[in-house]
Amino acid sequence: MGNALRFLYGQCCSPPQTTADGAAGDVVLGYHGVSSSTVGVSALAQHLYHFEITSQVPDGLSAHVISSKKAQSNWYKKLSKAWRESKPPPTTPEEASRLVLHTLQRHQVPDVQGLLSFYGLPIPYSLDELSAGEAPSVVDGLMFELHTLPVDGKTVPDGDGVNVYVNTTDVRESSLVPHEVHMAAVERNLARAQRNYAMADALHKQITDAGYKVLNINDEEILARKYRIRLRGIDAPENQQPYGKEAKDELVKMVDGKCLKIQVFDEDQYGRFVGDVYCNGLFIQKRMLKKGLAWHYTAYDKRPQFEKWEKEARAKGIGLWALPNPEMPWEWRRNHRQNRF
């Protein structure tokens with residue numbers, strides 16, 4: 001049994017293939033050949049192999065899930081068997097995520113979501129199907145995933161947008177920080193230590209102009225990158241429209257002071273990243289649609305669950321659906337374009 005998992009682990013950790021011109025298709029993280037995109041798959045394979053030998057689940061997992069260590073051991077027993085019997089074994093994050101979803105489809109949604117998050121594996125936009133015993137497929141087209149610092153509700157612009165910051169110590173972010181921003185942050189710290197606050201302020205402006213900011217969180221200064229996020233698949237009333245304020249207030253209530261997980265799929269013409277937003281396991285777009293505070297943006301999104309949630313709100317006549325003839329926000333913008341941006 002252990003030998004089988006050792007073989008599967010070796011399959012996951014095999015060096016990535018290169019392209020015809022000799023360029024690697026992914027960023028290799030070490031001599032073992034694990035790449036930036038498959039590190040979660042490799043970690044899961046290693047932990048399953050370790051579980052077969054020791055019957056111990058990984059340290060730190062309990063911080064991501066709600067069930068006991070005994071329950072976690074039951075998951076790993078099932079996953080070890082499923083991984084061992086899969087032919088071929090998972091080699092991509094999407095394949096590993098599907099295996100976890102199908103194996104644990106009758107377990108609690110927060111546990112499944114937490115386990116996937118622990119390994120950085122893709123999480124579907126909705127895990128509701130799990131409660132019905134059906135594992136959803138992983139959404140195609142995912143560009144990357146963000147894990148934000150606590151959101152300042154005052155910066156939420158409207159009912160379908162949010163401004164967030166991501167710590168530059170994050171694995172993905174650390175490799176993207178421009179050298180001049182790193183240097184400005186270091187020089188700012190030195191200027192503050194010397195009480196040269198004018199110089200420190202000038203350096204901080206240089207940092208913010210580059211799309212970053214030094215935040216003070218729990219008496220700790222953190223260099224963070226700013227992201228403007230457009231909630232994928234919904235269109236909330238504009239602030240000047242009926243229920244525009246209510247939509248914005250509801251979004252603020254859900255995200256203020258919270259850390260978010262954002263799956264990014266696109267970037268729009270205004271430089272905003274378009275993504276699915278989760279807060280403590282809550283799918284934000286679902287809440288907005290079910291409360292009647294947003295339309296399903298069918299011009300850009302065809303997900304049937306979104307259509308269903310909007311229809312449910314319409315049938316109940318809640319939120320904007322209490323109006324006799326609510327104006328679609330995209331039509332409102334067409335008529336008031338000069339006031340939009």
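Just the heavy atoms: all of them, side chains too, but no hydrogens, waters or symmetry mates, feed the values below.
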Residue pairs fulfilling side-chain hydrogen bond (donor to acceptor under 3.5 Å, both in side chains) with at least one residue in residues 55-65, sequence neighbours excluded | S62-Q72

So side-chain hydrogen bond (donor to acceptor under 3.5 Å, both in side chains) across residues 192-209, not counting sequence neighbours, yields K205-D209

So is R230 actually on top of Y270's ring, under 6.0 Å and inside 45° of the axis?
-> no

Is the cationic atom of R172 (NZ for Lys, CZ for Arg) positioned less than 6.0 Å from the six-membered ring centroid of F144 and within 45 degrees of its normal?
-> yes

Looking at [X] and [Y], would you say the former's side chain and the latter's main chain have a donor-acceptor pair under 3.5 Å?
X    : Y    : answer
N163 : T155 : yes
Q241 : E238 : yes
N335 : E331 : yes
D160 : A236 : yes
Q285 : L231 : no
T148 : L260 : yes
S97  : L121 : no

Could you give all pairs that pass the ring-ring contact (aromatic ring centres under 6.0 Å, His included) test and reach residues 212-238, with sequence neighbours left out?
-> Y227-F273

Pairwise ring-ring contact (aromatic ring centres under 6.0 Å, His included) hits with a residue in residues 163-184, at least two apart = none

Are any of the side-chain nitrogens in E250 or R287 under 4.0 Å away from the carboxylate oxygens of its partner?
-> yes

Do NZ/NE/NH1/NH2 and the carboxylate oxygens of R303 and D301 come within less than 4.0 Å?
-> yes

Is any side-chain heavy atom of [X] less than 4.5 Å from a side-chain heavy atom of [Y]?
X    : Y    : value
M254 : V277 : no
I229 : L146 : yes
F118 : H47  : yes
H147 : V166 : no
W75  : V65  : yes
L101 : L116 : yes
R225 : D170 : no
L79  : L115 : yes

Nearest 0.5 Å, please: how far is [atom2] in [Y] from [atom1] in [X]?
X    : Y    : atom1 : atom2 : result
K77  : E52  : NZ    : CD    : 10.0 Å
L293 : L251 : CG    : CG    : 10.0 Å
F51  : W83  : CZ    : CH2   : 15.0 Å
L104 : Y76  : CG    : OH    : 9.5 Å

In a table with atom names and distances, give each donor-acceptor pair under 3.5 Å that connects a side chain of residues 311-320 to protein atoms at least two apart or in another chain.
| from | atom 1 | to | atom 2 | distance (Å) |
| --- | --- | --- | --- | --- |
| K311 | NZ | E307 | OE2 | 3.1 |
| E312 | OE1 | K290 | NZ | 2.7 |
| R314 | NE | E310 | OE2 | 2.9 |
| R314 | NH2 | E310 | OE2 | 3.3 |

Salt bridge (Lys or Arg N to Asp or Glu O under 4.0 Å) against D268, all qualifying residues, sequence neighbours excluded | R272

Greater than 12 external heavy atoms within 6.0 Å of K245's NZ = no

Joint cluster assignment, [X] & [Y], ILVMFWY side-chain distance < 4.5 Å:
X    : Y    : answer
V57  : I66  : no
I234 : W321 : yes
L282 : F306 : yes
V164 : M143 : yes
L176 : I207 : no

Walk me through it: do R333 and D235 pass the test side-chain contact (heavy atoms from CB on, under 4.5 Å)?
-> CA-CA 11 Å; R333 287 193 296 271; D235 202 0; 2.8 Å; yes

E173 side chain to N167 side chain, donor-acceptor N/O pair below 3.5 angstrom | no

Side chains of S117 and Q113: do they bring a donor and an acceptor to under 3.5 Å?
-> no

Test log, rule side-chain contact (heavy atoms from CB on, under 4.5 Å), inputs Y278 and I262 = CA-CA 6 Å; Y278 299 84; I262 304 173; over 6 Å; no

Y119 vs V100, side-chain contact (heavy atoms from CB on, under 4.5 Å): CA-CA, chis, key distance, verdict = CA-CA 11 Å; Y119 289 105; V100 171; over 6 Å; no

